[in-house]
Amino acid sequence: MATSAFARLPGFRDFPPEDLALRSHIQEAWRRVSRRYGFLEYDGPPLEPLELYVEKSGAEIAGQLYAFTDKGGREVAMRPEMTPSLARILGDRSRGMSKPIRWFAMPQLFRYERQQRGRLREHFQWNADIVGEDDVAADAEVLAVAIDGLRELGLTAADFRARVSDRRLLREVLRAQGVAEDRLAAAFGIIDKLERMPRDKARAALVTDAGLGAAEADALLDFFDSADIAAVQTRFGDRDEVGVELERLKQYVAALTAMGLGEYVEVDLRIVRGLAYYTGIVFELFDRQGELRAICGGGRYDRLLELVGGEPLPAVGFGMGDVVLGELLAERGLIPAYARSLDYFVVSISAEQRPEALRIAHALRDRGSSVAYSLKEQSVTKQLKAAAREGAREVLIVGPDELARGCVVARNMGSGGEREIALSELS
RNA sequence: GUGGGCGUAGCUCAGUUGGUUAGAGCGCCUGACUGUGGCUCAGGAGGUCGCCGGUUCAAAUCCGGUCGCUCACCCCA
């Protein structure tokens, strides 16, 4: 509605308290889980040099940047993702840091594209990364963080699943199926789109872009109908190169199973992910209903830090946005009701009690309680209505009779019961 | 960037083949109720009918454009 003279920019959100409550609910859960895993919080600038993204993330991302030329003639971009910033920050200081580095952030990210369901021009994204450890245990740890982030918000294995793959294994499978070295990138792109593409179109793409014969393409498509560990084993288990990669993926799944998270994990080699910098295990989290776009995506990116000019360090991490997650929580009825709350509301019977009421309110605030009172002189009825509206747990009624006896009346707003509190307890 | 659907009060919506001062519920404000909230009752504020133009004696209603929202495509954090 264009009632205001100044409308919001398309794709951007306002956060009045009732909406900020949901965002905080999500972010507090993310932060709790991050700390539980020993991750440290960091942040970076929301505006970065454009070139930080154009080469590193792939052409797809570069085309949809919120970018412009600043007053100093610099080409800049609102950050569309956090990983390049992380790589730069670590590039400057990782040499002096003990490994592995476990960091998390909750940046607001920006993309310039038309908004649609689950996708705005701005969102908050939880990032957690482990840098400096190439063992598959780090990959498992990172996925466990992501899964626990959702569990912390009340979601269960009935609500979402993690689909995992490994680009190294996929590469060996494609090679085994006859894809030439210089066609691997094209084949990756086709596999990534398999689920959104009609089968005959996929077959045609495999023939023209990946250089396969019609029979090979069909065989590959059959394989990707159920591209899990058993399928790989049955089909390509006799090849050593495949076996090595398969073993690592098995360890990955075994680690997550040992943590008790096995029911969340499904191996599916169709998961590739668009970003160019991923080098190993990749994963995406989806709602079980399959109605929403991916809730979370991540993987291993062992070359990125080096590309950005830092110490060559292996790394693995993920990003999880607040928009799709919020939709899933809403669908599952997991958004807590918004309610104002206050420990005390101080009511003055008349203007004469005002100074004493202010003194009491401030004494309670000094003790850490949340306290409010009517800012103008009002009838007791109105003050109580205000107290109820603001969610006060207890109302302190400061009246002449009680003050004369050295006390105030404390009214419990839930039960309606009243008791007296001595002024000596409120100093 | 392409295409579909939708724009009426703060919110959810009604508004008949175009017809006089555009309505309801919820919310908000005031009062009944200047020493006790939730309930009830009475009253009130709040609308360039997204915007611009056209057709017409007459437009919320029909037409065109535009902006916004939304869904899908493209693409994907």
Expressed as a whole number of angstroms, how long is the span from [X]:[atom1] to [N]:[atom2]?
X: A/E122; N: B/C76; atom1: CD; atom2: P; answer: 21 Å
X: A/E195; N: B/C75; atom1: CD; atom2: C1'; answer: 16 Å
X: A/E18; N: B/C26; atom1: CD; atom2: P; answer: 20 Å
X: A/L292; N: B/C76; atom1: CG; atom2: C1'; answer: 15 Å
X: A/Q115; N: B/C69; atom1: CD; atom2: C1'; answer: 7 Å
X: A/K382; N: B/C29; atom1: NZ; atom2: C1'; answer: 9 Å
X: A/K376; N: B/C29; atom1: NZ; atom2: P; answer: 9 Å
X: A/R117; N: B/C71; atom1: CZ; atom2: P; answer: 7 Å

Who are the side chain to side chain donor-acceptor pair (under 3.5 Å) partners of [X], not counting sequence neighbours?
X: A/R273; result: A/E284
X: A/D222; result: A/R199
X: A/D43; result: A/R79
X: A/Y301; result: A/D129

Classify [X] by what it touches in the nucleic acid, base, sugar-phosphate, or nothing, heavy-atom distance under 4.0 Å.
X: A/R293; answer: base
X: A/N127; answer: nothing
X: A/P10; answer: sugar-phosphate
X: A/I295; answer: nothing
X: A/G317; answer: nothing

Of A/M320 and A/R411, whose closest RNA chain B nucleotide lies nearer the 5' terminus?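 On the 5' side of the pair lies A/R411.
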Walking RNA chain B from its 5' end, the first of A/S379 and A/A388 to be reached, judged by nearest nucleotide, is A/S379
For the residue pair A/R393 and A/Y344, would you count it as a cation-pi contact if the rule is NZ or CZ under 6.0 angstrom from the ring centre and within 45 degrees of the ring axis?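 Output yes; distance and angle both within limits.
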Do A/R167 and A/Y278 form a cation-pi contact, if we require the NZ or CZ to be under 6.0 Å from the six-membered ring centre and within 45 degrees of the ring's axis? no
Expressed as a whole number of Å, how far does the [atom1] atom of [N] sit from that of [M]?
N: B/G53; M: B/A14; atom1: C1'; result: 28 Å
N: B/G4; M: B/U66; atom1: P; result: 13 Å
N: B/G10; M: B/C62; atom1: C1'; result: 31 Å
N: B/C13; M: B/C52; atom1: P; result: 25 Å
N: B/U8; M: B/G15; atom1: C1'; result: 9 Å
N: B/A72; M: B/C11; atom1: C1'; result: 28 Å
N: B/A77; M: B/U2; atom1: C1'; result: 23 Å
N: B/U55; M: B/C28; atom1: C1'; result: 41 Å

Pairing residues for [X] by the salt bridge (Lys or Arg N to Asp or Glu O under 4.0 Å) criterion, not counting sequence neighbours:
X: A/R419; answer: A/E394
X: A/R13; answer: A/E122, A/D322
X: A/R32; answer: A/E152

Respond yes when some side-chain nitrogen or oxygen of A/Q378 is under 4.0 Å from OP1 or OP2 of B/U34, and no when none is.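 It does not, given that no N or O in the side chain of A/Q378 lies less than 4.0 Å from OP1 or OP2 of B/U34.
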Going by an N to O cut-off under 4.0 Å, is there a salt bridge joining [X] and [Y]?
X: A/R183; Y: A/D209; value: no
X: A/E28; Y: A/R31; value: no
X: A/R163; Y: A/E266; value: no
X: A/E263; Y: A/R161; value: no
X: A/R175; Y: A/E245; value: no

Of the listed nucleotides [options], the one nearest the side chain of [X]:
X: A/Q116; options: B/G35, B/G31, B/C71; value: B/C71
X: A/L384; options: B/G35, B/C71, B/U36; value: B/U36
X: A/R196; options: B/A77, B/C76, B/G35; value: B/C76

For the side chain of [X] and the base of [N], is some donor closer than 3.5 Å to an acceptor across the two?
X: A/R119; N: B/C76; value: yes
X: A/E402; N: B/G35; value: yes
X: A/R114; N: B/U2; value: yes

Between protein and nucleotides 39-46 of chain B, what N or O pairs are separated by less than 3.5 Å?
none

Run the side-chain donor-acceptor check on residues 375-388 of chain A: report pairs under 3.5 Å with partners two or more places apart or on a different chain.
{"from": "A/Q378", "atom 1": "OE1", "to": "A/S374", "atom 2": "OG", "distance (Å)": "3.0"}
{"from": "A/S379", "atom 1": "OG", "to": "A/K382", "atom 2": "N", "distance (Å)": "3.2"}
{"from": "A/Q383", "atom 1": "OE1", "to": "A/S348", "atom 2": "N", "distance (Å)": "3.1"}
{"from": "A/Q383", "atom 1": "NE2", "to": "A/S348", "atom 2": "O", "distance (Å)": "2.8"}
{"from": "A/Q383", "atom 1": "NE2", "to": "A/Q378", "atom 2": "O", "distance (Å)": "2.9"}

Find out whether A/R121 and A/Y66 are in side-chain contact, i.e. whether some heavy atom of one side chain is under 4.5 Å from a heavy atom of the other.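 Yes. Closest side-chain heavy atoms under 4.5 Å.
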Which residues within residues 321-346 of chain A lie with some heavy atom under 4.0 Å of an atom in RNA chain B?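 Those residues whose heavy atoms fall under 4.0 Å from RNA chain B, taken from residues 321-346 of chain A, amount to none.
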When you measure from every atom of RNA chain B, which of residues 415-427 of chain A have a heavy atom less than 4.0 Å away? A/G416, A/E418
On the 0 to 90° scale, with breaks at 30° and 60°, tag the A/W126-A/W30 ring pair as parallel, tilted or perpendicular.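 Aromatic pair A/W126/A/W30 classed parallel.
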Writing each nucleotide of RNA chain B 5' to 3' as (, ), [, ], | or . by Watson-Crick or G-U pairing under 3.5 Å yields (((((((..((((.....[...)))).(((((.......))))).....(((((..]....))))))))))))....
